[in-house]
Number of protein chains: 2
Amino acid sequence: MGRVTLQTIADHVGVSRMTVSNAFSRPDQLSARLRDRILAVANDLGYVGPDPTARALASGTAGTVGLLLSDTLTYALTDEVAMTFLAGISDELVPTGLALTLLPASPQDTIVPARDVAVDGALVYSCDPQSTAVGWLLRRRLPLVFVDQAAAPGIASVNIDDRLGARAAAQHVVDLGHRRVAIVTIGHGGEYGVLASPPEALVANTERQRLLGWTDALGAADIEPVVIRQPHAEPDDMGYTAAQIALGLADRPTAILCFSDAIAGGVIRAIQDAGLRVPEDVSVVGFDDNPLARRTRPALTTVRQDVRAKGRAAAAALITAIERAKTRPAGRGRHIVLPTELVIRDSTAPPPKTIAPAKR
Amino acid sequence: MGRVTLQTIADHVGVSRMTVSNAFSRPDQLSARLRDRILAVANDLGYVGPDPTARALASGTAGTVGLLLSDTLTYALTDEVAMTFLAGISDELVPTGLALTLLPASPQDTIVPARDVAVDGALVYSCDPQSTAVGWLLRRRLPLVFVDQAAAPGIASVNIDDRLGARAAAQHVVDLGHRRVAIVTIGHGGEYGVLASPPEALVANTERQRLLGWTDALGAADIEPVVIRQPHAEPDDMGYTAAQIALGLADRPTAILCFSDAIAGGVIRAIQDAGLRVPEDVSVVGFDDNPLARRTRPALTTVRQDVRAKGRAAAAALITAIERAKTRPAGRGRHIVLPTELVIRDSTAPPPKTIAPAKR
DNA sequence: TAGTTCTTCTTTACCAGTACAGTACCACGC
DNA sequence: GCGTGGTACTGTACTGGTAAAGAAGAACTA
């Protein structure tokens with residue numbers, strides 16, 4: 001069947017295939033007159049442009065970068081912070097003309113996107129570095145950037161200062177005079193419910209770092225927090241059930257530190273539904289400072305991170321890594337750590353003098 | 001530089017290149033013994049698997065589908081409804097092993113993802129059908145599915161029943177006895193502020209359809225709504241400013257119909273900040289029924305759409321379209337319309353007998 | 001006027017696979 | 001003892017481009 005290729009056009013115009021290729025890809029390599037003629041003929045023949053797959057093979061660039069998300073795509077995507085991260089990535093990517101390919105962790109092993117889809121490099125966002133998907137990317141020797149996960153030698157990484165941020169949050173409630181503190185966190189893998197094992201055992205790096213930060217400050221004040229870990233299964237219940245557990249404890253906490261603002265939202269609802277007040281009865285601190293934090297009533301005290309900047313930094317680092325890979329055999333990546341900042345709003349206050357009973 | 005290809009492995013094992021290819025891609029074509037031997041040698045040589053770009057060229061499949069989002073990626077992505085849509089897409093895509101490539105509308109014209117990135121088909125989500133990016137996809141004759149935009153002949157589409165949903169929302173406030181109704185909508189392109197032109201003039205199909213639906217019901221009750229259109233620039237102010245305009249009108253509306261729940265959130269805050277109550281002074285209706293709608297206080301009356309199902313339907317339609325394109329020259333796509341449903345909660349009530357003055 | 005450089009186009013040599021049609025060998029049935 | 005069918009592997013012929021060096025004529029320099 002009459003598929004139109006560069007050769008078809010070349011024959012029609014009476015030039016070599018290479019010249020037609022240049023007409024599309026390197027306009028400076030031929031005269032403007034000839035180029036216009038070629039483009040006109042191409043248009044008449046219904047030629048759209050050089051075939052992307054063929055071009056990818058010949059030139060060695062796919063024109064897109066991968067993004068590997070933890071677990072199922074599905075799971076990571078429900079998080080609204082992830083959206084902002086994506087937006088940050090696209091800020092950097094769009095001007096370069098690169099596309100972004102989401103690489104789901106495949107359930108099968110016949111087709112595995114991380115192994116079988118063409119990309120020029122990839123961002124690895126909050127994944128288990130031991131996972132098979134990450135393994136494939138490493139073996140392919142693609143330029144990589146690790147984001148929100150433990151830095152690996154030789155691989156560029158972008159992180160926020162989770163530990164310091166969490167530490168500041170915990171120090172804040174300590175300074176307010178709280179002595180009974182609960183932590184509500186979320187993650188995947190490991191045990192759920194009231195957590196007994198030390199933070200080091202957790203798989204998810206972000207969670208581990210924040211837990212270390214919280215216990216840094218609490219430990220220094222000789223406070224042993226109750227850590228409640230809730231699976232990420234029900235997006236609608238984020239933190240609600242965990243908070244109920246915390247409130248039901250004999251020594252009810254007067255402050256709850258949360259892994260994210262989304263969780264803090266659920267925690268606040270649980271507190272209010274139990275007939276208690278925030279911050280008069282229980283103080284709550286979030287993490288992220290997402291747009292909702294400002295609007296929540298009471299406005300949420302939280303640890304700000306600039307997720308969009310994180311996305312930009314990650315994409316920029318990847319672009320550099322790809323550039324470098326073209327010339328040098330292998331570059332050692334830089335490790336970027338972005339700052340966090342405690343934002344004090346209305347959800348934290350000194351602990352109550354006497355503990356009000358939970359109604360309900 | 002010893003790059004390892006199928007040939008390298010073939011030479012080592014002493015079989016033909018084709019057999020090595022089959023060992024990876026079509027295990028049933030050779031004996032298990034030989035296959036294991038080949039795989040072992042491949043592993044020793046550090047071979048990861050058939051090169052994705054070469055495979056794409058030779059087999060004619062890229063292993064990924066495109067997603068074209070309106071305008072800048074950046075812009076579409078801040079919307080949390082878009083996230084749920086993505087999750088729905090991945091529900092269908094993941095089991096097939098396909099990846100998802102986000103195709104940003106490029107600002108330049110040397111590299112245009114919609115034209116230059118290899119995909120097996122594409123979803124076009126809420127785009128202007130006249131845009132150049134859509135034009136490229138059409139010219140490439142890729143299997144396409146249009147989502148949330150005007151159906152085009154010969155192209156499969158997935159929509160929700162925006163018009164009927166909006167109509168139900170409007171009918172609801174009419175039934176409650178409201179006579180002064182404002183509409184707060186959002187979109188891109190065209191005039192902003194109090195809208196004078198008829199709905200038909202709007203570019204964005206979703207917005208146009210909902211506007212038609214609202215005016216269907218209001219028109220039948222002989223009510224002329226005030227339509228306020230706010231640009232999508234400031235994601236943090238969604239609906240707030242528009243609501244302030246509405247509340248400042250001489251004939252202050254007693255009901256406000258909103259394009260989305262996110263806008264409704266801003267509208268409610270604006271009403272409350274003006275010292276008025278929802279729903280006693282002003283009723284508010286949203287659209288989407290996103291998770292927040294339930295949590296908002298008061299809980300939001302809204303029009304539910306199943307965004308995730310929409311994503312699933314779109315991806316499924318695309319997969320069928322791709323399947324069919326392999327055999328038949330061109331299939332005419334089906335047009336799917338998903339239902340909407342009015343969910344009545346606490347943000348709507350009969351209008352007040354007397355109009356309370358706005359404080360502040 | 002000859003040498004040099006530019007511009008413009010062409011030649012050659014890949015890129016790394018897959019599809020499809022063989023071919024050789026074996027077992028089976030009668 | 002010969003067709004018949006199945007399994008296991010191979011040979012040939014593509015897929016549609018790009019990089020890099022080469023060649024031919026024009027323009028520029030000395």
Side-chain angles (χ1 to χ4, degrees), chain A residues 1-39 41-42 45-63 110-111 115-118 120 140-141 326-327, chain B residues 1-11 13-39 42 45-63 110-111 115-118 120 140-141 326-327:
Chain A
M1 66 170 263
R3 188 173 160 77
V4 181
T5 71
L6 288 184
Q7 191 63 62
T8 321
I9 299 166
D11 294 347
H12 271 257
V13 181
V15 294
S16 77
R17 181 167 87 235
M18 199 59 230
T19 301
V20 181
S21 171
N22 285 332
F24 284 99
S25 305
R26 297 169 64 171
D28 56 316
Q29 295 295 302
L30 69 168
S31 68
R33 269 181 62 97
L34 180 56
R35 174 159 193 258
D36 290 345
R37 225 172 86 219
I38 291 173
L39 260 38
V41 172
L45 294 172
Y47 186 76
V48 183
D51 182 292
T53 55
R55 192 209 285 251
L57 176 58
S59 71
T61 60
T110 48
I111 311 178
R115 183 189 55 191
D116 300 324
V117 173
D120 294 327
R140 282 172 74 178
R141 301 181 188 233
K326 284 180 190 162
T327 56
Chain B
M1 57 161 269
R3 187 175 160 76
V4 181
T5 72
L6 288 185
Q7 191 63 62
T8 322
I9 300 166
D11 294 346
V13 180
V15 294
S16 77
R17 179 167 87 235
M18 200 58 232
T19 300
V20 181
S21 171
N22 285 333
F24 284 99
S25 306
R26 298 169 65 171
D28 56 315
Q29 295 294 302
L30 68 166
S31 66
R33 272 181 60 97
L34 179 56
R35 175 159 192 259
D36 289 345
R37 226 173 84 219
I38 291 173
L39 261 37
L45 294 172
Y47 186 75
V48 183
D51 181 291
T53 54
R55 190 208 285 251
L57 177 59
S59 71
T61 60
T110 47
I111 311 180
R115 182 189 57 191
D116 299 324
V117 173
D120 293 327
R140 281 172 74 177
R141 301 184 189 232
K326 285 180 190 164
T327 56

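Each chain gets a letter, A, B and so on, in the order its sequence line appears, and its residues count up from 1. The basis for the numbers below is simple: all heavy atoms, side chains too, and nothing from hydrogens, waters or symmetry mates. All values reported here derive from a predicted model rather than from experimental measurement.
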Counting just side-chain N and O atoms, does Thr53(A) come under 4.0 Å of either OP1 or OP2 of dG17(D)?
no
Side chains of Val117(A) and Pro52(B): closer than 4.5 Å at any heavy-atom pair?
no
Applying a 4.0 Å non-hydrogen cut-off, can you work out what Ser16(A) is touching in the nucleic acid: base, sugar-phosphate, or nothing?
base
Answer with base, sugar-phosphate or nothing: what part of the nucleic acid does Gln7(B) contact at a heavy-atom distance below 4.0 Å?
nothing
Give me the one residue out of Ile9(B), Leu30(B), Asp11(B), Leu34(B) that meets side chain to side chain contact (heavy atoms under 4.5 Å, CB included) with Val20(B).
Ile9(B)
How many whole angstroms separate atom CG of Leu30(B) from atom P of dT7(D)?
13 Å
I need the CZ-C1' distance between Arg26(A) and dT7(C), as an integer number of Å.
14 Å
Candidates dA19(D), dG17(C), dG17(D) - which lies nearest the side chain of Pro50(B):
dG17(C)
Side-chain contact check for Ser59(A): nearest option of dT18(D), dT15(D), dT8(C) is dT18(D)
Side chains of Pro50(B) and Ser25(B): does their closest heavy-atom pair fall under 4.5 Å?
yes
Closer to the 5' end of DNA chain D via nearest nucleotide, is it Leu34(B) or Ala54(B)?
Leu34(B)
Against the side chain of Arg17(B), the closest entry in dT10(D), dG17(C), dT18(D) is dG17(C)
Atom-to-atom span, CE of Met18(A) to C1' of dC15(C) - whole angstrom:
13 Å
On DNA chain C, nearest-nucleotide positions of Asn22(B) versus Ala32(A): which is more 5'?
Ala32(A)
Starting from C1' on dG17(C), measure out to CZ on Phe24(B) and report it in whole angstrom.
12 Å
OP1, OP2 of dA16(C) versus side-chain N and O of Tyr47(B): anything below 4.0 Å?
no
Side-chain N,O (Ser25(A)) to OP1/OP2 (dT18(D)) below 4.0 Å:
yes
Value in whole Å for how far the P atom of dA19(C) lies from CG of Leu6(B)
12 Å
How would you label the contact of Thr19(B) with the nucleic acid (heavy atoms, under 4.0 Å): base, sugar-phosphate, or nothing?
base
Using whole Å, report how far CD1 of Ile9(A) lies from P of dG16(D).
12 Å
d(CZ, Arg55(A); C1', dT18(D)) in whole Å
9 Å
Without decimals, in angstroms, what is the distance between Gln29(A) CD and dT11(C) C1'?
15 Å
For Leu57(A), answer base if it contacts any base atom (sugar-phosphate contacts may also be present), sugar-phosphate if it contacts only those atoms, and nothing otherwise; contact means non-hydrogen atoms under 4.0 Å.
base
Side chain to side chain, Leu6(B) and Tyr47(B), heavy atoms closer than 4.5 Å:
yes
Test item: Asn22(B) and Arg17(B) side chains (from C-beta on) under 4.5 Å apart, heavy atoms
no
